[in-house]
Amino acid sequence: MIFAQRALLPQGWAENVRITVADGHISAISVGAKAQAGDVLVSALLPALANLHSHAFQRAMAGMTEHRIAGRDSFWTWRDLMYRFLDRLTPEQMQAIAALVFMEMQEAGYASVGEFHYVHHQPGGAVYADIAELSGRIFAAADLTGIGLTHLPVLYSYGGAGEQPLAAGQLRFGNDVDRFARLVEAARALARALPSDTRVGIAPHSLRATNPGDLLRALPIAAGNPVHIHVAEQPKEVADISAWLGARPVEWLLANTPIGADWCAIHATHMTEDETVRLAQSGAVAGLCPITEANLGDGPFNGPGWLAAGGAFGIGSDSNVRISLTEELRTLEYSQRLRDIARNVMVVGEGSVGQAIYLGAAKGGAQALGRKSGAIALGMLADVVAIDLSHPSLCALRNDQILDGLAFAASDAVITDLWSAGRHQVRGGRHIQRDQIIAGWRVTVQGLVDAL
């Protein structure tokens, strides 16, 4: 049981709230209650966010790609370095890296993750004896950390728009639709050993990595689970798809697929106003990754247009160059301020920007992962996070300012406890498996020092 001096419920802040958890779900909420023996006592309790987009292995590259090369650096030059890096990774290293990433996410306040998993094979493209070998490594990391997992095996068949052949660095990704279906089936079989909140959806990587026929053939493999896809991240991508298919990526998806509330459009950065409105109205979630989008020079998302059209959004850490929930939130808002030369942008009408982006991301992230979470309410998964209101960055704030302080003034150091579907994984600001995970990470990085 959890006893919070304050808790943010759907109707607003409440005091002296006691939460009962059963089978990973919130089974009772008492307001104005008294703490009982054995309760976990916390200062303030919030619905925990989902991290809706992660490539866990890229965490081990952090700090290795910030050296300018001759010419103009871009997403595409970064991608070439990433391909060289991943060709060195073993299954054991991928598992250790993923465990560190998932632990860091939970210590930052994320209760769940959407792992957009596209490394499936051995270096050179040979299939492992177990086609789901590397998915199994992600599952082992999730099991160790206790994070809620929506696993998203990626369909990646081509090296670029127009069915270009896979290049050397992409061979570990490659599957046709039939082999992809077998991979997803094998991953779902392995996932049955994980907690019941685990989901396995699909992720057609992007239009440039598939083709129209294969994409439409692959969609039924989702079987009611989430569908995630990269769209319109870079101007070159938009131009390449337009030249090939005669339509921009989002324009093509809206006209040719059943895109809707079970879809997550990752990045969706370079859209027209019409695409922005129509995609928002489709019910799909915009998967925004502000730190990575800034790091890769992607450009800012059209936040005001998306919100005005009623669009849902969530946040993800993507390349995991920096895992910080508070920094993702403020980077999202600051990207809008820098573009528009304005303040307090990511809110409809008047009100708290911190509350708008935090609760918006909580709701949208849960939707994107097919996860019954995003609010502290009866029947919801107990994905909850505790913050310390006595921390200097929060102690002077009224209730209606707490989420502004969290988003714009605090660091992740204010996180004291976190539960993923009722699993109490962070206590006193530290993950319960931190020492074991860090030891595994140190062994891994010693073998990767000269990767780039």
Point to revise | side chain to side chain donor-acceptor pair (under 3.5 Å), paired with H55, selected from H53, R59, Q58 | key: H53
Review point. Does any donor atom in the side chain of S352 or D404 lie under 3.5 Å from an acceptor atom in the other side chain?
Key: yes
**Study point:** Side-chain ion pair, D178 and R182, N-O less than 4.0 Å
**Key:** no
Point to revise | Under 3.5 Å: donor-acceptor pair, side chain of Q336, backbone of F301 | key: yes
Exercise for review: Would you check, one step at a time, whether the test side-chain hydrogen bond (donor to acceptor under 3.5 Å, both in side chains) holds for D176 with S157?
Suggested key: CA-CA 6 Å; D176 60 21; S157 303; over 6 Å; no
Check your understanding: Does the Q170 side chain pair with the main chain of A167, one donor and one acceptor, at a distance under 3.5 Å?
Key -> yes
Point to revise | Under 3.5 Å: donor-acceptor pair, side chain of Q367, backbone of G283 | key: yes
Review point. Once the angle between the rings of H267 and H230 is folded into 0 to 90°, is it parallel (under 30°), tilted (30 to 60°) or perpendicular (over 60°)?
Key: parallel
Practice item. May I ask you to check whether S54 and E115 show a side-chain donor-acceptor distance below 3.5 Å? Key: yes
Review point. Under 3.5 Å, is there a donor-acceptor pair between the S420 and Q106 side chains?
Key: yes
Point to revise | Set of ring-ring contact (aromatic ring centres under 6.0 Å, His included) partners for F139, sequence neighbours left out | key: H151
Review point. Do the side chain of D340 and the main chain of A342 share a donor and acceptor less than 3.5 angstrom apart?
Key: no
Review point. What pairs of residues pass the salt bridge (Lys or Arg N to Asp or Glu O under 4.0 Å) test when at least one of them lies in residues 315-332, not counting sequence neighbours?
Key: R322-E327
**Study point:** Short side-chain to backbone donor-acceptor contact, H117 and V119, under 3.5 Å
**Key:** yes
Point to revise | H228 and F116 aromatic ring geometry - parallel, tilted or perpendicular at 30°/60° bounds | key: tilted
Review point. Hey, does the side chain of E333 reach the backbone of N344 with a donor-acceptor pair shorter than 3.5 angstrom?
Key: yes
Exercise for review: Would you kindly say whether D298 and Q234 are connected by a side-chain donor-acceptor distance under 3.5 Å?
Suggested key: yes
Exercise for review: Could you verify whether a donor N or O on one side chain and an acceptor N or O on the other, from E163 and N211, lie under 3.5 Å apart?
Suggested key: yes
**Study point:** Sequence-distant partners of D435, salt bridge (Lys or Arg N to Asp or Glu O under 4.0 Å), two or more places apart
**Key:** R430
Review point. Are any non-hydrogen side-chain atoms of N175 and Y156 less than 4.5 angstrom apart?
Key: no
Exercise for review: Determine yes or no for a side-chain-to-main-chain donor-acceptor pair under 3.5 angstrom, with Q95 supplying the side chain and E92 the backbone.
Suggested key: no
